[in-house]
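Everything on this sheet refers to the single structure shown next.
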Amino acid sequence: CTQYHQNSSQLSGKPNTKTVKNQAGEYDGRVQVVDSQRVSVTQKWDVLDALELSKAGKSAKEIKEILEANKLNASIYITVNTLDYLRKGGRITPAVAILGGMMKIKPILQIQGEKLDTFSKTRTMSKATKIMMEAIKKDIDERLDPEGKGKNVHVCIAYTYDEQPALELKKELEAIYPDSTIICDPLSLSVSCHIGPHALAIAACKKII
């Protein structure tokens with residue numbers, strides 16, 4: 001049985017233990033550790049791509065090399081509906097949370113590779129969604145697929161708690177990117193607990209197959 005494990009070294013310490021064991025020869029090359037520097041829906045596409053590569057006869061080592069060569073060809077933008085959970089997790093101070101709550105600020109965060117940064121902010125989720133759509137289009141046009149205009153990328157949506165806005169966003173993106181199979185998934189609990197309900201994310205990653 002050939003297996004592989006993927007994660008981001010900046011987001012989890014789990015790959016390190018597996019790497020040490022793998023280098024020690026315990027699994028005799030049957031397990032490959034992929035430091036994908038991806039999370040959520042972009043990481044899901046890595047898994048789906050790995051399955052297709054395996055069906056095509058690629059070895060675990062070859063799959064690892066292909067995925068890692070493509071790992072930075074991805075972008076994620078996420079809008080947080082409330083600052084309470086960022087405050088509880090210590091990611092912002094209580095003063096910032098109170099001020100942001102009074103001003104009804106909706107921060108837009110971006111993940112590029114292993115870095116999580118503030119990208120923009122607005123006061124409504126509809127405006128935040130528009131900003132994210134413009135940002136992901138810019139990334140696709142200028143970095144991820146400048147020649148194909150979206151034909152060579154996977155476009156993705158992720159959400160917490162409320163699926164309906166995500167499904168509405170999916171319809172909009174399907175009209176813009178008809179050649180992309182757009183997945184729409186809830187964010188994992190490990191992420192959701194840090195950002196709270198009604199968060200919405202748009203992501204894109206370059207196709208391998």
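Counting from 1, the numbers follow the sequence of the chain as shown. Keep in mind that what you see is a predicted model, and the values were worked out from it rather than measured.
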Close side-chain approach of [X] and [Y], heavy atoms under 4.5 Å:
| X | Y | answer |
| --- | --- | --- |
| I157 | L200 | yes |
| K130 | T122 | no |
| N81 | P197 | no |
| D139 | Q112 | yes |
| M133 | L169 | yes |

Hits for side chain to side chain contact (heavy atoms under 4.5 Å, CB included) against E65, two or more places apart or cross-chain, chain-then-number order -> K61

Checking the side chain of [X] only, and the main-chain atoms of [Y] only, is there a donor and an acceptor separated by less than 3.5 Å?
| X | Y | value |
| --- | --- | --- |
| T129 | M125 | yes |
| T42 | C205 | no |
| K206 | R143 | no |
| D145 | G150 | yes |
| S75 | A203 | no |

Which heavy atom of [X] sits nearest to which heavy atom of [Y], and what is that distance?
| X | Y | value |
| --- | --- | --- |
| W45 | C156 | CD1-SG, 3.4 Å |
| S36 | Q43 | OG-NE2, 3.7 Å |
| M132 | I202 | CB-CD1, 3.7 Å |
| I209 | E52 | CD1-CB, 3.2 Å |
| L144 | A74 | CD2-N, 3.6 Å |

Please say yes or no: joined through hydrophobic side-chain contacts below 4.5 Å, possibly via intermediate residues, are V80 and Y77 part of one cluster? no

Do I111 and F119 land in one hydrophobic cluster if side-chain heavy atoms of ILVMFWY residues count as linked below 4.5 Å? no

Check this for me: does any side-chain nitrogen of one of K71 and E68 sit under 4.0 Å from a carboxylate oxygen of the other? no

Salt bridge (Lys or Arg N to Asp or Glu O under 4.0 Å) between K171 and E168, worked out: CA-CA 5 Å; K171 288 182 180 179; E168 292 172 2; over 6 Å; no

Check residues 177-189 and write down every donor-acceptor pair under 3.5 Å in which the side-chain atom is one partner and the other belongs to a residue at least two apart or another chain.
{"from": "S180", "atom 1": "OG", "to": "V153", "atom 2": "O", "distance (Å)": "3.3"}
{"from": "S180", "atom 1": "OG", "to": "V155", "atom 2": "N", "distance (Å)": "2.9"}
{"from": "D185", "atom 1": "OD2", "to": "K44", "atom 2": "NZ", "distance (Å)": "2.7"}
{"from": "S188", "atom 1": "OG", "to": "S190", "atom 2": "OG", "distance (Å)": "3.0"}

Approximate separation, where rounding is to 0.5 Å, of I63 CD1 and L53 CG: 5.5 Å

